[in-house]
Protein chains: 2
Amino acid sequence: MAPRGASRLVDELGTLLLGAPLPLSVRCWDGSETVVEGAPTLVVRHRRALRRLVHAPGELGLARAYVSGDLDIEGDLYTVLSLPDQLPARPDLHVDRRALARLGGRLLGAGVLGPPPAPPPEEARVRGTRHSVQRDRQAVSHHYDVGNEFYRLLLGPSLVYSCAYFPEPTATLEQAQEAKLDLVCRKLGLEPGMRLLDVGCGWGSFALHAAARYGVSVTAVTISAAQVALARERVADAGLAGRVDVRLQDYREVDDGPFDAIASVGMAEHVGLAQLPAYAARLHALLAPGGRLLNHAIARGPAAGPDRPDPGSFLTRYVFPDGELQPLATHVRVLEEAGFEVCDVEALRRHYALTCRAWVRNLEQRWDEAVRLSSPGRARVWRLYLAGSALAFEGRRTGVNQVLAVKPGGDSRLPLRRPDWSRTANRDRADDGDSTSS
Amino acid sequence: MAPRGASRLVDELGTLLLGAPLPLSVRCWDGSETVVEGAPTLVVRHRRALRRLVHAPGELGLARAYVSGDLDIEGDLYTVLSLPDQLPARPDLHVDRRALARLGGRLLGAGVLGPPPAPPPEEARVRGTRHSVQRDRQAVSHHYDVGNEFYRLLLGPSLVYSCAYFPEPTATLEQAQEAKLDLVCRKLGLEPGMRLLDVGCGWGSFALHAAARYGVSVTAVTISAAQVALARERVADAGLAGRVDVRLQDYREVDDGPFDAIASVGMAEHVGLAQLPAYAARLHALLAPGGRLLNHAIARGPAAGPDRPDPGSFLTRYVFPDGELQPLATHVRVLEEAGFEVCDVEALRRHYALTCRAWVRNLEQRWDEAVRLSSPGRARVWRLYLAGSALAFEGRRTGVNQVLAVKPGGDSRLPLRRPDWSRTANRDRADDGDSTSS
């Protein structure tokens with residue numbers, strides 16, 4: 001009886017948490033199975049998976065079970081992650097705790113109850129005041145200091161960890177990242193000799209592109225020690241040590257302005273709503289009059305509903321501690337209130353979905369290597385969050401926008417028409433998408 | 001003594017109101033003059049001009065004096081209108097009423113005091129609840145029902161009364177308006193057979209362009225009776241009566257959706273902050289899933305400071321009663337909260353400065369005809385407000401933005417990259433600025 005019992009219990013537990021029959025096959029630690037034709041299989045490798053769910057019903061319990069390996073998925077991960085959208089309730093909502101208690105007795109019979117298991121070691125522990133310089137460093141370190149070779153595998157040779165810009169959906173990730181880097185350079189109107197500040201420079205790919213192709217000198221800052229190490233190595237290899245200065249520095253600590261242009265790509269998500277005005281004011285103070293700021297950030301989509309940072313969410317516990325997403329309107333308001341003139345907004349939501357799917361492919365194609373370069377839990381965290389992110393962009397729960405803003409008081413040299421921006425520098429780039437044939 | 005006295009008094013009054021010596025030559029009703037070398041001349045044609053200022057110190061008094069003709073300007077109007085920005089205080093702020101009272105005695109001596117003169121007939125009188133359908137009609141009628149031939153003179157043959165899109169600063173207004181109409185069509189991805197709603201259609205120029213060039217059928221609504229009359233005439237002349245339906249209808253009264261696309265160009269400025277959410281919700285309800293909205297509206301610039309609608313302002317009393325400008329961030333927020341996905345924002349501030357200056361030129365070049373087609377006061381109102389608007393756009397006190405938004409739930413057919421938008425329709429338009437050579 002036990003085998004049937006185990007998978008039946010999982011079925012009932014799933015139904016309870018999802019608010020509908022579990023549309024998945026289930027295979028349990030004891031070999032028991034329930035089959036749903038054509039559906040992916042939920043593999044419960046250990047009783048502990050259920051125990052984690054009982055002690056943390058919903059998203060956190062599921063995340064801990066999956067990250068620890070007590071729970072696994074066979075078949076298409078996207079199909080499984082899309083289930084909540086097709087079900088009456090999201091797994092993290094409206095759990096009937098009394099029904100759960102009634103089920104508890106039978107779970108006890110199945111021997112799955114017991115003390116709460118320790119969370120997997122990949123769970124984040126950040127301390128201090130939210131969005132203080134010290135705590136932001138811990139939060140950033142948690143996500144970015146996990147092995148540069150792991151990121152090389154995930155991101156590919158471009159080593160760009162933000163939304164790419166796909167000429168066509170079929171373009172390679174490398175082509176799309178190259179196009180993105182160049183798009184940002186052109187929006188900023190970079191020209192030889194200009195001083196560029198790159199806030200949240202990652203592994204230095206944008207700084208390298210701007211310095212090598214547009215002849216600017218770049219101050220590139222990040223608070224990830226691992227990123228600084230590899231970025232400096234890459235700058236030296238490129239022979240650009242004289243033109244790219246990579247620093248382990250918080251945006252609040254940069255004080256050697258004015259810069260002619262500022263790029264902030266995929267960094268504002270770490271700033272937090274409370275700090276956004278100070279962030280915008282700091283960038284405004286660091287920019288020369290007439291200088292341009294390109295603020296490229298993920299945003300909450302109109303379908304996302306009200307923002308309530310969930311300390312129990314998988315993203316907060318495992319991926320981006322203290323990460324916060326705001327609607328586009330908030331980014332625009334904060335920039336305007338800091339004194340910027342917002343000149344252009346380009347939404348790249350669909351490009352980020354394509355980007356995330358490309359990263360997931362990189363990870364799945366070299367899974368064993370990825371595990372070796374990080375940890376089984378880490379590889380699972382990145383696979384889960386990136387597949388989930390792809391779906392979030394496709395479902396408009398999140399978007400991503402490039403906001404181009406100018407600091408009044410000087411000549412921004414911004415051409416009257418957007419199609420002409422690509423001609424502000426590198427007039428030989430007639431082959432790129434933004435150039436005109438007129 | 002009196003002549004010297006009169007112009008000296010004007011000098012002192014000007015100094016008092018401006019908070020600095022009046023940097024203008026002055027010529028008074030009695031022939032008295034004070035000369036400032038190379039400065040434009042303030043012509044006080046009648047004592048009444050001063051009386052208006054005494055009874056309504058600041059902007060309103062100046063406006064009444066100018067509109068009535070009691071006050072005039074010889075020389076460059078832009079120079080005079082730029083003075084406040086170069087002076088410690090704006091004329092509408094911080095009037096020292098006690099110093100004004102002291103001056104009153106001497107003004108009495110000069111025989112300029114007396115009962116408050118009646119405001120010029122061009123001053124607006126709107127009644128009812130702010131932004132009710134009824135009062136909005138009065139407000140719109142005040143500005144737009146002043147003679148179609150006057151507007152033809154002002155706007156030129158394109159008859160487009162919104163920001164143009166200049167391929168180069170030297171392009172003609174006609175070329176720039178044509179480029180703007182086509183830009184909006186391409187952003188909306190118009191294709192033959194689509195149903196387009198044009199909210200605030202003016203004299204029908206955009207509806208005509210969209211129907212003739214893109215083969216859509218257009219429902220064009222305005223609450224200006226004069227606009228409806230001429231728009232219908234132009235539609236009939238173009239033989240497009242079957243494809244363009246011009247209606248005297250408020251946006252709140254349109255109920256025959258869904259439309260495949262909606263254009264709102266230069267209309268949201270009349271909606272008012274309190275009504276903006278209802279406005280966005282109505283457009284959202286009228287749009288088919290996947291349909292695009294192009295919301296083109298003047299915005300308060302970052303340099304504008306906090307919004308406090310001033311019932312005594314020249315713009316409210318003479319130009320746009322109940323007109324309200326919001327920052328770009330507010331427009332984006334309202335659209336997102338209504339359920340739209342904001343896909344693109346293009347700031348056209350400098351284009352509107354060029355547009356206003358072109359309109360002022362049209363007016364000044366055919367001044368006598370303009371006066372005949374409207375009234376001396378009206379011609380002065382439009383000259384003053386358009387010259388002032390050009391300076392406001394140049395000084396970033398106001399901006400203007402095209403916000404492209406999509407209603408989720410269907411395929412927006414929006415190409416991945418902006419340069420490709422121009423290829424969604426009319427593939428033969430390779431000569432336009434937004435098309436690509438790739």
Side-chain angles (χ1 to χ4, degrees), chain A residues 165-169 171 176 179 183 299-304 327-351 354 395-396 399 401 403-409 412 414-420 422 430-438, chain B residues 165-169 171 176 179 183 299-304 327-351 354 395-396 399 401 403-409 412 414-420 422 430-438:
Chain A
Y165 184 67
F166 286 79
E168 291 85 24
L183 179 67
R300 299 174 51 74
L328 169 60
T330 302
H331 288 282
V332 173
R333 175 178 58 75
V334 165
L335 290 171
E336 288 191 309
E337 289 177 353
F340 283 103
E341 177 184 23
V342 171
C343 297
D344 183 71
V345 178
E346 183 171 16
L348 298 175
R349 178 180 57 82
R350 293 173 298 166
H351 291 270
L354 293 169
R396 290 195 168 89
N401 303 286
V403 179
L404 182 67
V406 164
K407 176 175 180 172
S412 72
L414 202 61
L416 265 179
R417 304 181 322 153
R418 293 195 300 209
D420 300 333
S422 55
D431 59 318
D432 77 50
D434 275 2
S435 70
T436 80
S437 55
S438 59
Chain B
Y165 184 66
F166 287 77
E168 292 84 25
L183 179 67
R300 298 174 54 74
L328 169 60
T330 302
H331 288 283
V332 173
R333 176 178 56 77
V334 165
L335 290 171
E336 288 192 307
E337 289 176 352
F340 283 103
E341 177 184 24
V342 171
C343 298
D344 183 71
V345 177
E346 184 171 15
L348 298 175
R349 178 180 58 80
R350 292 173 299 165
H351 291 269
L354 293 169
R396 291 195 169 90
N401 303 286
V403 179
L404 183 66
V406 164
K407 177 176 180 172
S412 71
L414 202 60
L416 264 179
R417 303 182 322 154
R418 293 196 300 210
D420 300 333
S422 55
D431 59 320
D432 77 52
D434 275 3
S435 69
T436 80
S437 55
S438 59

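Residue numbering restarts at 1 for every chain, and letters A, B, ... go by the order of the sequence lines. Computed from a predicted model, the values in this text were never measured in an experiment.
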Identify each donor-acceptor pair in which a side-chain atom of residues 327-336 of chain B lies under 3.5 Å from a protein atom, sequence neighbours left out, and give them as a table.
from: R333(B); atom 1: NH1; to: E337(B); atom 2: OE1; distance (Å): 3.2
from: E336(B); atom 1: OE1; to: A329(A); atom 2: N; distance (Å): 3.2

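Within the model, atoms CZ of R418(B) and CG of L183(A) stand 7.5 Å from one another, a figure rounded to the nearest 0.5 Å. To the nearest 0.5 Å, the span separating CG on L348(A) from CZ on R417(B) amounts to 11.5 Å.
Contact count against chain A (heavy-atom pairs under 4.5 Å) is highest for P167(B) among G399(B), P167(B), G339(B), A299(B).
Applying the side chain to side chain contact (heavy atoms under 4.5 Å, CB included) criterion to A338(B), with sequence neighbours excluded, gives A280(B), F340(B).
A donor-acceptor pair under 3.5 Å links the side-chain atoms of R350(B) to the main chain of P415(A), judged by distance alone.
In plain terms, the two heavy atoms of L416(B) and H351(A) that are nearest each other are O-NE2, 2.9 Å.
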